[in-house]
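I have placed the structure first, in the form of structure tokens, so that the comments after it can refer back to it.
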Amino acid sequence: MASVTGKAKIVWFRKGLRLHDNPALIEACRGAAHVYPIFILDPHFRSAGYKVGVNRFKFLMQSLTDLNDSFEARGSRLLVLRGKPEDVLPQVFKDWQVDELCYEVDTEPYAVLRDAHVSSLAKAANVEVKSFVSHTLYDTADIVERNGGKPPLTYQSFIKLVDKMGDPTAPAPDPPEKMPPPRDDLPGAAPQETSVPTLKEIGYDQEPTAPFKGGEREALARMDTYLSDKLWVANFEKPQTDPSAFEKPATTTLSPYLKFGCLSPRLFHTRLLQIYKEQKKHSEPPVSLRGQLLWREFFYTVGAHTPNFSHMVGNTVCRQIDWRHQDAATADSEAEQHLAAWKAGRTGFPWIDAIMTQLHEWGWIHHLARHSVACFLTRGDLYISWERGQEVFEELLLDQDHFINAGNWMWLSASAFFSQYFRVYSPVVFGKKYDPEGKYIRKFLPVLKDMPAKYIYEPWLAPTEVQKKAKCIIGVDYPRPIVDHSIASKQNIGRMAAAYKANKGEGEGEAADTPKKAAKPRKAAAPKAAKKEATDVVSGKGAKRQRTMKEFASKKETE
DNA sequence: AGGAGGTTGGACTC
DNA sequence: GAGTCCAACCTCCT
């Protein structure tokens, strides 16, 4: 087509803040006289119901600046527009005489509605819309289709489906070295009107504190650094990594870059497969590095195909549980206080409070640290709804990712995917395993820096003299624990058991007294009971154990 | 219908 | 460090 005069095209960045593996950008450059790379500052992401902490916003601004630099190096620039996409886009379609709009598929609920609306507006304006899957390894709709139209609910069944699908599509080729530039002289396209905003312009008055810098170049450099240690990559096992490591975090910390698409998951995946090929032996999902990418994919798949995935009510995969704090209207004041203490890192459990402090300061905490604080907030200690925790993570995490955040909160609260609610993380013991000296606590809670290691995880047990010497009086300089973990966790296991039972009843409807329900536990219990008696006689622990269970049962009844 | 297995608990025993 | 128990969950697969 030699006669083509050249079109005006928009490539709309939302996630996918990168030039590599960007099929929408490639398409936009094809046969275009003018390409307008845009990002829209949508007020939705700063509305009352959706908080973005200053650290993540800064990360986003850095990513946009980096993107702009890369475009400038190619004779183009990034145009940052302000307003609702539904208002902004029809205007520029007209003003810039746009022929085509290209973007990456975004499957989050808000994005799906937004993009459907924008597509219809584009059609009305005679603008062709082209979208591409590049934020996930696969088109999650394909995975669901292969599973008979339903998303797989276990990681293993998900892996099986993915294995059958073969390797993901290879990353797209790099964009041209010289790009068709946008015009400066059209309304709303002038460089001074479309620059990357400052935090002040947006209305942030806090100083960002996170030690991670946003952007594609940073992402690629970081990936290269971590992948250069091929033995480490090949042997990576997530559960073996140390949540208390902070001098050098024990994992790649690539999650914020994947969240914003500064790094392509397909590129990362390709690089991992290369290394696996070179190294004969390597770890496997779920614990391997590739397994981590597939966890992301798993939650994107289930999340995108489950209604109300980020809420308990109306969510088909989520167990309905009578949390103490389901919403602000019904929560009692104690639950309100507990939630506030948890968020602020003032629970009186140094391990929990250090993690929450790191979350505020860094915008990132290790996966197992997330487990600790999530279990503590929900089924472990406070019995507060996972949705409240999800909101806090949504605000504070750089890598906050809609489906992954919701999925993991449901996991940890034993609301979905995971159901062994009696496996409770101890806010004292768990961290101690990794960091007996309490270096991590001393780093993030300096008030405890002189507390002897013996008491660093339980400072309320330190004798007054020790507290005085450490210049940290419990109840004055650092809070007393807001709950007794051994009492609270036992009580909550009982509540969870009751909630599970209630859910079962609901599910079965009138057939509540079907023999199936009674027969199952009875059959399983018989051989085990005999075995237990035998070991109890030997160990002499039977009586103690039984008493504990009775106490626990009576507590449940008097509630 | 039943069994296996489940990314990463904790306490205790050997 | 591995194994067993706690008390019993769920989904998937055969």
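Convention: sequence-line order gives letters A, B, ...; per-chain numbering from 1.
- Stem analysis of DNA chain B (at least three stacked-register Watson-Crick or G-U pairs, each with both distances under 3.5 Å) gives B:1-6 with C:9-14, B:9-14 with C:1-6.
- Contacts between residues 417-427 of chain A and DNA chain B, counted as heavy-atom distances below 4.0 Å, involve S419(A), Q420(A), R423(A), V424(A), Y425(A), S426(A).
- Put simply, the side chain of D242(A) gets close to the backbone of S244(A): a donor and an acceptor are under 3.5 Å apart.
- The salt bridge (charged side-chain N to carboxylate O under 4.0 Å, His left out) search around R222(A) returns E218(A), not counting sequence neighbours.
- Under the 6.0 Å distance and 45° angle rule, R290(A) does not count as a cation-pi partner of Y276(A).
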Just distance, no hydrogens or angles: give the donor-acceptor pairs under 3.5 Å from side chains in residues 157-164 of chain A, sequence neighbours left out.
unit_1  : atom_1 : unit_2  : atom_2 : d
S157(A) : OG     : T154(A) : O      : 2.9
S157(A) : OG     : T154(A) : OG1    : 2.7

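- Separation of the P atoms belonging to dA7(C) and dG2(B) is 24 Å when rounded to the nearest angstrom.
- When heavy atoms are screened at a 4.0 angstrom cut-off, K433(A) is found touching the sugar-phosphate backbone but no base atom.
- Near DNA chain B, meaning a heavy atom under 4.0 Å away, the residues from residues 232-251 of chain A are K238(A), P239(A).
- The distance from atom CG of N492(A) to atom P of dC9(C) is 18 Å, rounded to the nearest whole Å.
- Ion pair D106(A)/K15(A) flagged as a salt bridge, since at least one NZ, NE, NH1 or NH2 atom sits closer than 4.0 Å to an Asp/Glu carboxylate oxygen.
- Under the salt bridge (charged side-chain N to carboxylate O under 4.0 Å, His left out) criterion, the residue pairs touching residues 266-286 of chain A are D21(A)-R266(A), D224(A)-R271(A), K230(A)-E278(A), with sequence neighbours excluded.
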Between the protein and nucleotides 12-14 of chain C, which nitrogen or oxygen pairs are less than 3.5 angstrom apart?
unit_1  : atom_1 : unit_2  : atom_2 : d
dC12(C) : OP1    : L153(A) : N      : 3.3

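- Contact annotation for R319(A): backbone-only contact, meaning every heavy-atom pair under 4.0 Å involves sugar-phosphate atoms and none involves a base.
- Judged as a ring-ring contact (aromatic ring centres under 6.0 Å, His included), and not counting sequence neighbours, the contacts of Y425(A) are H371(A), F430(A).
- The side-chain hydrogen bond (donor to acceptor under 3.5 Å, both in side chains) test applied to Q358(A) returns Y440(A), not counting sequence neighbours.
- Taking atom P on both dC10(C) and dG10(B), the two are 23 Å apart, rounded to the nearest angstrom.
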Which donor-acceptor pairs under 3.5 Å do the side chains of residues 334-343 of chain A make with protein atoms, sequence neighbours left out?
unit_1  : atom_1 : unit_2  : atom_2 : d
E334(A) : OE1    : R324(A) : NH2    : 2.9
E336(A) : OE2    : H325(A) : NE2    : 3.4
H338(A) : ND1    : R324(A) : NH1    : 3.4
H338(A) : ND1    : R324(A) : NH2    : 3.4
W342(A) : NE1    : V373(A) : O      : 3.0
K343(A) : NZ     : E395(A) : OE1    : 3.2

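- Protein atom CD1 of I493(A) is 10 Å distant from nucleotide atom P of dA7(C), rounded to whole Å.
- In the region residues 304-317 of chain A, proximity to DNA chain C at under 4.0 angstrom, judged on heavy atoms, holds for none of the residues.
- A salt bridge does not link E361(A) to K443(A): none of the charged side-chain nitrogens sits closer than 4.0 Å to a carboxylate oxygen.
- Only the P atoms considered, dG1(C) is 25 Å distant from dT7(B), to the nearest whole Å.
- A heavy-atom distance below 4.0 Å to DNA chain B is reached by none of the residues of residues 454-461 of chain A.
- For the 3.5 Å distance criterion, the side chains of S288(A) and H282(A) fail to qualify, holding no donor opposite an acceptor.
- When atom types are taken as modelled, the side chain of H311(A) and the backbone of V313(A) share no donor-acceptor pair closer than 3.5 angstrom.
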